[in-house]
2 protein chains.
Amino acid sequence: MKSGIPIPTLNRLPLYYREFRRAVDNGIETMNSKELGARLFMPDTQIRKDLSYLDEQGRQRVGYDTRTMASYLEDFLGLMDEKQAVLVGVGNLARALISYPEFRRYGLQFRALFDNDPDKIGSELAGVKIVPVERIENLVQRLSVRIGIITTPAEAAQMVADQLIAGGVIAIWNFAPITLKVPAHVYVVNENLAIDFAKLSHHVQKAKV
Amino acid sequence: MKSGIPIPTLNRLPLYYREFRRAVDNGIETMNSKELGARLFMPDTQIRKDLSYLDEQGRQRVGYDTRTMASYLEDFLGLMDEKQAVLVGVGNLARALISYPEFRRYGLQFRALFDNDPDKIGSELAGVKIVPVERIENLVQRLSVRIGIITTPAEAAQMVADQLIAGGVIAIWNFAPITLKVPAHVYVVNENLAIDFAKLSHHVQKAKV
DNA sequence: TAGATTGTTAATCGATTAACAATC
DNA sequence: TAGATTGTTAATCGATTAACAATC
């Protein structure tokens with residue numbers, strides 16, 4: 001693998017993984033770039049280019065071995081390892097995430113949940129304890145957790161992020177509607193539902209005129 | 001407004017809206033491109049370029065009027081109108097979306113919820129009736145709904161999308177892990193939690209080595 | 001006026017796409 | 001072998017960034 005994979009390519013790799021995995025599940029042994037492109041509505045040339053950044057190669061006249069590619073990407077994306085995470089802000093969204101079955105398949109494990117509501121603290125959700133936010137840094141550090149999920153209101157998110165990072169988190173999944181300030185080694189994926197909704201809204205708005 | 005606003009710019013407009021809105025709420029009357037850039041970690045030149053696509057302009061030596069820009073973007077993004085939506089697949093995620101307060105502020109209203117579980121059908125969630133999926137096309141049409149939200153498993157998503165579109169939906173918010181095939185006039189926003197998680201996962205994986 | 005900040009033009013950068021040699 | 005499909009080189013396209021004239 002060359003080191004400089006373009007970010008747009010990196011963002012598409014999970015998509016390819018999904019298709020290869022599905023093909024394997026359906027007993028399809030090989031898939032060429034044209035077939036894959038048809039499924040994902042992308043030019044085949046983009047797929048070949050993207051996959052050429054990887055160590056694993058296709059075979060001329062045949063295409064890509066679905067099982068090989070699926071397991072290579074699984075490894076590349078780190079999906080087969082157990083990954084420990086904590087979540088801060090136990091609301092409806094948190095409940096949905098914790099019970100999302102796809103995540104368990106990808107090795108995501110919740111080690112602790114944090115909240116500042118005394119009524120929630122001490123209880124459990126899906127077998128995971130709810131703990132006061134004051135303990136974030138300490139507990140993250142003790143558990144060696146690398147992934148933090150923020151589902152708090154916007155006002156609390158930056159402070160929460162700071163504490164997660166202080167505890168050793170290097171990847172943050174941010175559901176709060178705010179742009180977080182983080183050091184360079186920390187990777188943030190923003191999941192901004194309100195902003196995505198604004199895009200939908202704009203499309204409907206445009207269509208009215 | 002020129003017609004050809006680049007897609008990356010369109011995707012950033014909701015971000016600008018959010019900052020202008022927050023500034024207004026904090027009593028800040030003007031903001032220049034450098035300040036805005038600092039808040040969003042973007043070059044000021046990108047912000048000026050993006051905003052130059054809009055009809056509303058900034059003022060030299062002053063910057064942008066926050067109230068003007070917020071309300072212009074609110075209008076442009078269609079956030080002030082009531083927008084009717086239906087949702088298909090009443091699980092945990094659906095519950096989280098329906099109770100997400102941000103959406104109500106943006107004018108999102110749920111008119112109907114669809115599911116195929118007999119235990120759910122007939123009951124209500126947040127005051128909205130749960131109806132059999134067989135009635136999607138008919139009900140969407142009767143209610144003139146333009147936005148459909150899909151929170152079903154992957155297997156059902158394409159069929160659901162087809163029915164939503166048949167009923168008149170032109171904007172789909174897809175939470176199912178599948179690439180939907182839709183006609184050109186239909187706009188799809190994919191919210192792929194598993195794929196975004198894979199990005200986080202990859203970052204943690206990389207850091208291990 | 002001098003200085004600051006815009007909007008825009010031009011330069012750069014990077015990603016996508018087309019074309020094709022390699023090869024199984 | 002002939003044909004199909006890859007991986008890669010080169011061309012194109014589009015977005016970002018730098019530079020700066022306009023102007024308040």
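Residue numbers begin at 1 in each chain, while the letters A, B, ... track the order of the sequences. Computed over heavy atoms, backbone and side chain alike; hydrogens, waters and symmetry mates excluded. This is a predicted model, so every value here is computed, not measured.
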Rounded to the Å, how far apart are [X] [atom1] and [N] [atom2]?
{"X": "R59(B)", "N": "dA4(C)", "atom1": "CZ", "atom2": "P", "result": "17 Å"}
{"X": "K49(A)", "N": "dT12(D)", "atom1": "NZ", "atom2": "C1'", "result": "13 Å"}
{"X": "I7(A)", "N": "dT16(C)", "atom1": "CD1", "atom2": "P", "result": "11 Å"}
{"X": "D50(A)", "N": "dT6(D)", "atom1": "CG", "atom2": "C1'", "result": "15 Å"}
{"X": "R48(B)", "N": "dT17(D)", "atom1": "CZ", "atom2": "C1'", "result": "10 Å"}
{"X": "L51(B)", "N": "dG7(C)", "atom1": "CG", "atom2": "P", "result": "8 Å"}
{"X": "N11(A)", "N": "dT16(C)", "atom1": "CG", "atom2": "P", "result": "10 Å"}
{"X": "N32(B)", "N": "dT5(C)", "atom1": "CG", "atom2": "C1'", "result": "7 Å"}

N or O in side chain of Y53(B) less than 4.0 angstrom from dT8(C) OP1/OP2 | no
Looking at S33(B), does any N or O in its side chain come under 4.0 Å of the phosphate oxygens OP1/OP2 on dT6(C)?
->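 Checking S33(B) against dT6(C): at least one side-chain N or O falls below 4.0 Å of OP1 or OP2.
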Answer yes or no: does atom CD of Q109(B) have more than 12 heavy-atom neighbours from other residues, nucleotides or ligands under 6.0 Å?
-> yes
Check the side chains of Q46(B) and D50(B) for a donor-acceptor pair under 3.5 angstrom, ignoring hydrogens and angles.
-> no
For DNA chain D, which consecutive runs of 3 or more Watson-Crick or G-U pairs (each distance under 3.5 Å) count as stems?
->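 Result, WC/G-U stems under 3.5 Å: C:3-24 with D:3-24.
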Is a side-chain donor or acceptor of S201(A) paired with a backbone partner of G78(B) at a separation under 3.5 angstrom?
->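 Flag set: sc S201(A) to bb G78(B) pair under 3.5 Å.
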Backbone N/O of K34(A) and side chain of N32(A): donor-acceptor pair under 3.5 Å |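 Answer holds: yes.
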Side-chain donor/acceptor of Q46(B) to base of dA15(D), under 3.5 Å =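 Answer no: no donor N or O sits under 3.5 Å from an acceptor.
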Using the closest heavy atom to pick a nucleotide of DNA chain D for each, name whichever of T45(A) or V62(A) lands nearer the 5' end.
->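 The residue closer to the strand's 5' end, by nearest nucleotide, is V62(A).
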Between D25(B) and R22(B), is there a side-chain N and carboxylate O pair less than 4.0 Å apart?
->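 The answer is no: the pair does not qualify as a salt bridge.
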Heavy-atom side-chain contact between R18(B) and N192(A) under 4.5 Å | yes
For the side chain of Q60(A), counting heavy atoms from C-beta on, which of dG7(D), dT23(C), dT23(D) is nearest?
->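 The closest nucleotide is dT23(C).
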Evaluate the ring planes of Y72(B) and F76(B), with Trp represented by its six-membered ring, and classify them as parallel (under 30°), tilted (30 to 60°) or perpendicular (over 60°).
-> parallel
